[in-house]
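Please read the structure below before turning to the comments.
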Amino acid sequence: MLGHVLLALSDTRLRARIRRTLSQADILVENVENRDELWSQLAKTSADMLVVSRALVPAPVTETISSLRGLPDSPEIVVIDKKGNAEDRAQLLAAGAFTVLDEALSSHALRDVVSAILSRRRVETTGSLVAKRALPDPRLDDFITSSPAMKAFMGLVHRVVASDTSLLILGETGVGKEHLARAIHAESPRAGGPFIAVNCGALAETLLESELFGHEEGAFTGATRSRRGSFELAHKGVVFLDEIGELPQHLQVKLLHVLQRREIQRLGGEQAISIDVRIMAATNRDIADDVASKLFRPDLFYRLSVVTLSIPPLRERREDIAVLVDSYLEYFRGHIRRNVTGATPEALAALANYPWPGNVRELVNIIERAMLLVTGDKIRVEDLPASVRGSTGSADEIPRPEANATTTRQLPAHVLNQPWRDARESMLVEFERAYLRALLAETAGKINETARRAGIEPRSLFDKMKRHGLRKEDFRTPESDS
C-alpha cells in the first residue's frame, strides 16, 4: 500500500525538513495549505497519518482529536510540540493522538516512528481487503497433474514466477485463473505485498474507475471524501484485473498509461502518483478476437500479454480428475467432518466421462455436495448430480437433441458460409448495431436515456455509436426536437 501522510505544520522550515525526511518511494507526502479549515478537510480526506503542530490543534483538545478518531479510516495523529509540557502531552495521548514528538527530534527517529505507523496501517488496510476463500492460501503445488499438457503449462508458470513482468491469464470459466494468479504472487518476490483483485465486469464504469484509480472529494455525486484506489492499495504488490475484456475503452487508455508510466491519477485529481505494482489480468474471452473487432486496444493487449498463460480446461486433462478428487476429499474432511476416504470406480468413471463445462470449480462443488449426501465412506454414482450420472454410459447412449430443420433458417446465409470465428464476430457486430439502432429509435436519439436503458455509461455509448456509424441526429423526431 502507498502510504499517505498529511503535514499541517506552522513552521515552514520544520515542514520542509520533515517533508525531506519522509519523501521516499513508498510515502505520498501532502501539505495542508488551508490551516483554518484543517479539521473539516480531514473529514473528507483519505490519509494514514497526520503530522500536526500542537498550535494547530484547537481546544478543547479531547473533542477535536476524538472527533477525528471517530471517522472511518481516520489517520493516526502525530503531534509536534516544542514546549514539552508533560500534562499537555498526557492530555493529547488520552484524546487519541498516536504520539507527541519534540520539534528537535532527529530525522532518523522521526522516520522510524512514521515507518512503524505505516507498517501497521498497511497490515490493517490490506488485511481487511482479503476476502475469505473456501480453499487454503493458493500455492503452485495445488495444481496437481499427471497430464502432459498441464505439466508443460506449469513448467512455463514456474519460469515466470520470479519475474516482475505483466501476465495475461487465459482460460474458460472455472479453470482457476485467480487461484493461479494468487499462487504466483505467493511464491514471487512480491509475496510480502498485497494482492488486490478487481472484477472489471462486476462494476458500473464510474465505480470501476474509482475502484481502480481512487477519487478525490467531489469527483462525482456521492464522493463526500477522497478514497484510495486499488493501485495505491496494491503498492509493492499485485493488482489482479479479472474479466479484463470487459474494461471500457476510456479505462483501457488509463490502464495503458499505468503500464507505461507506472503512475496514476485519481478521478477528479490533478496530482500524478507513482506506484510500484505488478499487473496480472485474466479473461475467459477470446481477447485476440476482441482486438480484431476493435473492442480491445491492441497496444494494451501487447503490454498485458508480455507473457500469456493459457490454462488447459479440465476436459483436456481427464487423467488429473482422480488425483484432484483425492485432494479435495482430503481438504473437505477437515471442514465437513465426514470420514469419506474416496470414490468408487464407477463414480470415478462418471467423473472422468463428464465434459466439465464449469471446469475445476464445478468439480470442487460436486465433491463438496457428494460429501454432504454420502451415507458410507465412499462416494458412489448415486451421490453425484444427475448431469454427471448421465455420463456413465457410452457416447452412443447419451441423449442428443433431434436435429431441427428450422435451426439453420434462423441464421443469415452469409453467416453459415463463414468459419466459426468469423461468423461469431460478424453476428456480434450485427447484433450490437441492430440493438443500438432499435434503442436509439425508441428514445428518439436521447443519449442519456439510451445509455441508462442499455446499462452503460454515455461515453461508452458514444464509442459504440461511432464504431457503427450511428448519429443521434438520425433518430430525432419533430416531437423530440420540440
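All values reported here derive from a predicted model rather than from experimental measurement.
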query: Is there a side-chain contact between Pro385 and Ile366, using heavy atoms and a 4.5 Å cut-off?
result: yes
message: With side-chain contact (heavy atoms from CB on, under 4.5 Å) as the criterion, how do Val364 and Phe332 come out once you've worked through the C-alpha distance, each side chain's angles and the decisive distance to 0.1 Å?
response: CA-CA 10 Å; Val364 173; Phe332 284 121; 3.8 Å; yes
query: Between Arg227 and Glu217, is the closest basic N to carboxylate O distance under 4.0 Å?
result: no
message: If the condition is side-chain contact (heavy atoms from CB on, under 4.5 Å), which residues does Val157 pass it with, not counting sequence neighbours?
response: Leu140, Phe153, Met154, Val161, Leu180, Ile184, Leu309
- request: Over all heavy atoms of both residues, which pair between Ile279 and Leu259 is shortest? Give the atoms and the distance, please.
  value: CD1-CD2, 3.5 Å
query: When rounded to the nearest 0.5 angstrom, what is the spacing between CG in Asn359 and CD in Glu316?
result: 9.5 Å
field: Within-4.5 Å side-chain heavy-atom neighbours: Val5 and Asp48
entry: no
Selection residues 237-253 - residue pairs positive for side-chain hydrogen bond (donor to acceptor under 3.5 Å, both in side chains), sequence neighbours left out: Glu246-Arg285
query: Are any of the side-chain heavy atoms of Phe296 and Ile244 separated by less than 4.5 Å?
result: yes
- prompt: Is the shortest distance from a Lys or Arg side-chain nitrogen in Arg380 or Glu346 to a carboxylate oxygen in the other one below 4.0 Å?
  reply: no
- prompt: Side chains of Leu247 and Leu212: closer than 4.5 Å at any heavy-atom pair?
  reply: yes
task: Would you please say whether a donor-acceptor pair under 3.5 Å links the side chains of Glu172 and Asn284?
output: no
- request: Please name the pair of heavy atoms, one in Arg139 and one in Ala183, separated by the smallest distance, quoted to 0.1 Å.
  value: C-CB, 3.6 Å
message: What I'd like to find out is whether the side chain of Glu362 reaches to under 4.5 Å of the side chain of Val360, using heavy atoms alone.
response: no
Could you list the donor-acceptor pairs under 3.5 angstrom formed by side chains in residues 297-307, with sequence neighbours left out?
unit_1, atom_1, unit_2, atom_2, d
Arg297, NE, Asp299, OD1, 3.1
Arg297, NH2, Asp299, OD2, 2.7
Ser305, OG, Phe301, O, 2.6

message: Taking the ring of Phe240 and the ring of His185, is the distance between their centroids below 6.0 Å?
response: no
- prompt: So, Asn353 side chain and Ala349 main chain: donor-acceptor pair closer than 3.5 Å or not?
  reply: yes
message: Any carboxylate oxygen within less than 4.0 angstrom of a Lys/Arg side-chain nitrogen, looking at Arg338 and Glu368?
response: no
message: Salt bridge check, Arg190 against Asp276: does any charged N sit closer than 4.0 Å to a carboxylate O?
response: yes
- prompt: Any idea which heavy atoms bring Arg278 and Val160 closest together, and the distance?
  reply: NH2-O, 3.1 Å
task: Any chance you could measure Arg369, atom CZ, to Asn365, atom CG, to the nearest 0.5 Å?
output: 11.0 Å
- prompt: Of all heavy-atom pairs between Ile321 and Ala352, which one has the smallest distance, and what is that distance?
  reply: CD1-CA, 3.8 Å
- request: Please round to the nearest 0.5 Å and tell me the distance separating atom CD1 of Ile367 and atom CG of Leu324.
  value: 9.5 Å
- request: Step by step, work out the side-chain contact (heavy atoms from CB on, under 4.5 Å) result for Leu101 and Thr99.
  value: CA-CA 6 Å; Leu101 303 177; Thr99 188; 3.8 Å; yes
field: From CA spacing to verdict: side-chain contact (heavy atoms from CB on, under 4.5 Å), Glu209, Lys254
entry: CA-CA 9 Å; Glu209 186 170 6; Lys254 294 191 72 169; 3.0 Å; yes
message: For Leu251 and Leu208: C-alpha separation, side-chain torsions, deciding distance, then whether side-chain contact (heavy atoms from CB on, under 4.5 Å) applies.
response: CA-CA 9 Å; Leu251 294 186; Leu208 178 59; 3.9 Å; yes
query: Of all residues at least two apart in sequence or in a different chain, which pass the salt bridge (charged side-chain N to carboxylate O under 4.0 Å, His left out) check with Glu216?
result: Arg266
- line: To the nearest 0.5 Å, atom OG1 of Thr375 lies from atom CD of Glu382 at 8.5 Å
- prompt: Any donor-acceptor pair under 3.5 Å linking the side chain of Arg361 with the backbone of Gly358?
  reply: no
- prompt: Are the side chain of Lys236 and the backbone N or O of Val277 linked by a donor-acceptor pair below 3.5 Å?
  reply: no
- request: Measure the shortest side-chain to side-chain distance between Lys464 and Leu436 over non-hydrogen atoms and say whether it is less than 4.5 angstrom.
  value: yes
- prompt: Quick one: CZ on Phe231 to CD1 on Ile275, what's the gap to the nearest 0.5 Å?
  reply: 5.5 Å
message: Parallel, tilted or perpendicular, judged at 30° and 60°: which one describes the rings of Tyr354 and Trp356?
response: perpendicular
query: To the nearest 0.5 Å, how far apart are CD1 in Ile169 and OG1 in Thr308?
result: 10.0 Å
message: Just to verify, what does Arg317 make a salt bridge (charged side-chain N to carboxylate O under 4.0 Å, His left out) with, not counting sequence neighbours?
response: Asp320
query: Under the 3.5 angstrom rule, does the side chain of Ser230 hit a backbone N or O of Glu211 as a donor-acceptor pair?
result: yes
query: Do the non-hydrogen side-chain atoms of Asn199 and Leu241 ever get within less than 4.5 Å of each other?
result: no
statement: Of all heavy-atom pairs linking Gly268 and Ala219, the shortest is CA-CB, 4.0 Å
message: Suppose we screen for side-chain contact (heavy atoms from CB on, under 4.5 Å). Which residues come up paired with Lys151, at least two apart in sequence or across chains?
response: Thr145
field: Val340 vs Asp377 side-chain heavy atoms within contact, under 4.5 Å
entry: no
statement: Closest heavy-atom pair, Thr283 versus Ile287, reported as atoms and distance to 0.1 Å, is CG2-CB, 4.3 Å
